[in-house]
Amino acid sequence: MSRPTEGNEDEVELAEEVISGNGEIDEVMEEVEEGYTSSTPTSTLTWISWFCSLPGHEYFSEVAEDFIEDDFNLTGLNTMVPFWKEAMEMVLDVEPDEDSSRIPDVSIVEASAELLYGLVHQRYILTRAGLQSMVEKYESAAFGICPRVYCVGCNVVPCGRSDLPGIDTVKLYCPNCNDIYAPPSSRFQGVDGAFFGTTFAHLFFQTYRELAPAPFYKLSLSADSSLSPGRSPLSDSGNSTSRPSPFVNPNPHGGQKRPEGRVYSPRVYGFKVSEQAKSGPRMQWLRLRPQSPDELDLVDWRGRWIDDEYDDVDEVDEEDRRMEDFDPVGDLF
Amino acid sequence: MLGRTVEDVSSGSDSDYSNSWISWFLSSKGNEYFCEVDEDYILDRFNLTGLNNEVSNYGQALDLITDNLDDDIQDELRGALDVQARLLYGLIHARWIVTARGLAKMLEKYKRVEFGRCPRVLCQSQPLLPVGLSDIPYEKSVKLYCGRCEDVYSPKSSRHGSIDGAYFGTSFPHLFFMVYPNLIPPKVGPIEIPPTRPHESEVNKRNRRTREEPENPENVTEPGSTAAAALKADRYRPRIYGFQVHEIAKLQRWQEAVRDRQVSRLEALEDLS
Ligand SMILES: [Zn+2]
Ligand SMILES: [Zn+2]
């Protein structure tokens, strides 16, 4: 990943170079799918469209040019991007000044343009227009699906682990398991996670609550068998006969989608591996949801059970019911 | 991993093995997760009990995978037989990899990270093991089990997504960590695969059919308690402008309270014994 080698000392320069925008953010043009062009942008293609069409850049949204032209949106970025002026000209397809010959190599400006675009992108996708363009990509599964089997193909969104460039590559956040994954293809290993940032994924699901799975899950007995995850290698069972009833999370700010709540339960010869075995399950809590939203209130803000008196056996049984069940048989180990 | 040759597989017994059906099968694209089943295991009919009911043309399919099929058999039948031979090999494979020798072969593949790495970022590229979600063929494709987060994932490549999970079975990775308890991955820290010593009592208990003992293991220390292992596990905490997301934070506190309760339960049990 290209990182800024040194900060641009001359911060004042910025204000003069940026065409002052009108501060309005219109809807983004959605003509991303232009196909790949091999090398440099042609006259018919803007630099932004070209950049977003490169292999590995599939997660990027096209930032509206007037967003980049509004210098309020760029506050502080000029110190992070070397050759700021030239990079801006490249991103906005502005003909460079005559004195741009002071740049030794165009590839340096290209790296700066990428950094500039990426950092602007981090901010843009937090705006209403940016979120809107990302939700369109999300709904077409442009970011892929969660690799976890029991998330049953839940769509994911890109996220960064840092807002500063040069620290880590882009990751994928799954709203069903609230976890992050490495993108499946190595072509994303060159994409900086800061170009998506740490906030976007979560602001996204706060904004589109109907896309966020709720934090509780009740196994509906009728739907259980048809919800089996994964694809059958050869035969295809025509399932999804009965659609479950509409789903509501009483928390109006919370996820409003029915979650995929099943948790993997290890078995040996059909018997559940007991937690008492040394190799027994230790991590099911990481994926577990309570059956009702009220149960979330049984734990206080420090993470302790408010009423610590519970019956061991009953609790284990109750949790077990939420574990995935293929053939209900007793414990062996 | 592609086009892997026979020398790679640890026990290259026969010399002209490279032309065998099994070596052809193992080197076919998409079959990278399979290990080589020892010929004497296949030739011991006891190990194949019941498979004649699962596979049509069982006798000829068996002849094909053991390279004993008559040369004058028609090409038409040979094509159909090939499908049955793959099914038969897969079902034998599922039984083989839960024997002492089969586990040892899969261990070698695990050490070479031939099943890929966990896609979960906080698992820090933990190597995976194949697992089935059903032991019945033609139901579910093969999945990958992570010993660190203890969850199952879909293979990245579609060519593995079409391999039948029953050829690996539901038990294999769990038996693997029962037999090699010192390989149970720690919940944090970098990936390292320690020297292995199979847990003898487990091996004997699980594999009464297998006649020989596993290779003599190096002397390693008995793995410690795993009762509180989960407390060390790292997890992702979603944040908006640096602040935790309320509903998710609440769910995570509840999950961690469930975890803490399990830890106290397991520690209480340990104190008793
Ligand atoms: Zn997920
Ligand atoms: Zn994992």
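Chain letters run A, B, ... following the sequence lines, proteins first and then strands; every chain starts at 1.
- To the nearest 0.5 Å, atom CZ of residue A:F200 and atom CD1 of residue B:I240 are 11.0 Å apart.
- Side-chain contact between A:W285 and B:V263 is absent, with no heavy atoms from C-beta onward closer than 4.5 Å.
- Partner of A:H202 under the ring-ring contact (aromatic ring centres under 6.0 Å, His included) criterion, chosen from B:Y236, B:Y241, B:F243: B:Y236.
- Across B:D151, B:I184, B:T170, the residue that shares the most heavy-atom pairs under 4.5 angstrom with chain A is B:D151.
- Minimum interatomic distance between A:W301 and B:R253 (heavy atoms only, all atoms of both residues): O-CD, 3.1 Å.
- When the options B:P119, B:C123, B:C118 are evaluated for a side chain to side chain contact (heavy atoms under 4.5 Å, CB included) with A:Y181, the one that passes is B:P119.
- With sequence neighbours excluded, no residue forms a side chain to side chain donor-acceptor pair (under 3.5 Å) with B:R239.
- Taking A:G303, A:C177, A:P147, A:A182 one by one and counting their heavy-atom pairs under 4.5 Å with chain B, the maximum is reached by A:P147.
- A:E275 contributes atom CD, which lies 7.5 Å from atom CG of B:L269 (distance to the nearest 0.5 angstrom).
- In this structure, the ring-ring contact (aromatic ring centres under 6.0 Å, His included) partners of B:Y110, at least two apart in sequence or on a different chain, are B:F176.
- For the pair A:S279 (side chain) and B:P181 (backbone), a donor-acceptor distance under 3.5 Å is absent.
- The one candidate from B:R148, B:Q262, B:R259, B:E150 that meets the side chain to side chain contact (heavy atoms under 4.5 Å, CB included) condition with A:M283 is B:E150.
- Under the rule for a side chain to side chain donor-acceptor pair (under 3.5 Å), B:H93 has no partner lying at least two apart in sequence or in another chain.
- Considering CZ of B:F177 and NZ of A:K278, their distance stands at 14.5 Å, rounded to 0.5 Å.
- Of all residues spanning residues 244-251 of chain B, those with a heavy atom less than 4.5 Å away from chain A's heavy atoms are B:V245, B:E247, B:I248, B:K250, B:L251, arranged by number.
- With a 4.5 Å cut-off on side-chain heavy atoms, B:R120 and A:L286 count as touching.
- Within a 6.0 Å sphere centred on CZ of B:R237, heavy atoms belonging to other residues, nucleotides or ligands number more than 12.
- Although no hydrogens or angles enter the test, the distance criterion places a donor-acceptor pair under 3.5 Å between the side chain of A:W305 and the main chain of B:A257.
- When all heavy atoms of A:E295 and B:W254 are compared, the pair lying nearest together is O-CD1, 3.4 Å.
- At distances below 3.5 Å, at least one donor-acceptor pair connects side-chain atoms of A:R282 with backbone N or O atoms of B:T226.
- The two residues B:H174 and A:V268 come nearest to each other via the heavy atoms CB-CG2, 3.5 Å.
- The line from NZ of B:K143 to CZ of A:R148 is 13.0 Å long, rounded to the nearest 0.5 Å.
- Taking the side chain as every heavy atom from C-beta outward, B:V131 and A:Y264 approach each other to under 4.5 Å.
- Between chain A and the residues B:E256, B:R235, B:Q252, the most heavy-atom pairs under 4.5 angstrom are made by B:R235.
- Per-residue counts of heavy-atom pairs under 4.5 Å with chain B were compared for A:L126, A:I180, A:D179; the largest is that of A:I180.
- Taking chain B as the reference chain and counting heavy-atom pairs below 4.5 Å, the highest number among A:D297, A:L298, A:D163, A:L296 is found for A:L296.
- For A:R287, the parts lying under 4.5 angstrom from a heavy atom of chain B are both the backbone and the side chain.
- Annotation: maximal heavy-atom pairing with chain A below 4.5 Å, among B:C149, B:A228, B:G169, B:A229, occurs at B:C149.
- Interface check for chain B: of the options A:R302, A:K171, A:R304, the most heavy-atom pairs under 4.5 Å are formed by A:K171.
- For the pair B:L175 and A:Y269, the tightest heavy-atom approach, listed with the atom from each and the gap, is CD2-OH, 3.5 Å.
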